[in-house]
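For reference, the structure is listed below as structure tokens.
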Amino acid sequence: MLPGSKSIAIRSLIIASYFDTPITFSNFPKCGDCLTLISALQELGFKADLDNYTLRLSPPKVAKTNPVIYIHDSAAALRFLLVRLADWG
């Protein structure tokens with residue numbers, strides 16, 4: 001269960017993106033920065049199911065080629081996503 005912090009949720013999403021099994025988060029905040037990062041991960045091929053405040057993130061079976069990622073005005077999502085993309089296989 002997440003404490004409801006946007007910062008912790010974003011970091012948790014990035015860490016979860018390294019796992020090869022689905023991860024479920026309880027009490028996931030629905031703020032703009034978190035939703036932007038979820039959309040970016042979906043564009044990379046991740047499956048994200050957000051039901052109320054529970055998020056299930058599943059790794060991609062195949063990474064998308066040439067994804068188009070819109071970060072909007074989310075500097076928080078951008079900072080952590082750049083690090084993840086630098087390590088994208």
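Contacts of Ser7 classified as side chain to side chain contact (heavy atoms under 4.5 Å, CB included), with partners at least two apart in sequence or in another chain: Ser5, Arg11. Applying the side-chain hydrogen bond (donor to acceptor under 3.5 Å, both in side chains) rule to Thr36 yields no partners; only residues at least two apart in sequence or on another chain are considered. With sequence neighbours left out, Leu44 forms a side chain to side chain contact (heavy atoms under 4.5 Å, CB included) with Leu41, Phe46, Pro67, Ile69, Leu81, Leu85, Trp88. Taking the side-chain hydrogen bond (donor to acceptor under 3.5 Å, both in side chains) definition, one finds that Thr54 meets it with nothing, sequence neighbours left out.
The line from CD1 of Ile10 to CG of Leu78 is 10.5 Å long, rounded to the nearest 0.5 Å. Considering OG of Ser74 and CG of Leu37, their distance stands at 7.5 Å, rounded to 0.5 Å. Of the inter-residue distances, the one linking Leu50 atom CG with Ile38 atom CD1 reads 5.5 Å to the nearest 0.5 angstrom.
Other members of a hydrophobic cluster containing Tyr53 are absent, since no ILVMFWY side chain comes under 4.5 Å of it, directly or through relayed contacts.
Hydrophobic cluster membership differs between Ile8 and Val83, with clusters built from Ile, Leu, Val, Met, Phe, Trp and Tyr side chains linked at under 4.5 angstrom.
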Side-chain donor-acceptor pairs of residues 14-31 under 3.5 Å, sequence neighbours excluded:
| residue | atom | partner | partner atom | Å |
| --- | --- | --- | --- | --- |
| Ser17 | OG | Ile14 | O | 2.5 |
| Ser17 | OG | Arg84 | NE | 2.7 |
| Tyr18 | OH | Asp87 | OD2 | 3.4 |
| Thr24 | OG1 | Arg56 | NH1 | 3.3 |
| Asn27 | ND2 | Leu2 | O | 2.7 |
| Lys30 | NZ | Asn52 | O | 2.9 |

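Applying the salt bridge (Lys or Arg N to Asp or Glu O under 4.0 Å) test to every pair with at least one member in residues 35-50, sequence neighbours left out, gives these pairs: Lys47-Asp49. Within the structure, no pair that satisfies the salt bridge (Lys or Arg N to Asp or Glu O under 4.0 Å) test touches residues 72-82, not counting sequence neighbours.
Taking both residues in full, the closest heavy atoms of Lys64 and Gln42 are given as NZ-O, 3.7 Å, listed atom of the first, atom of the second, then distance.
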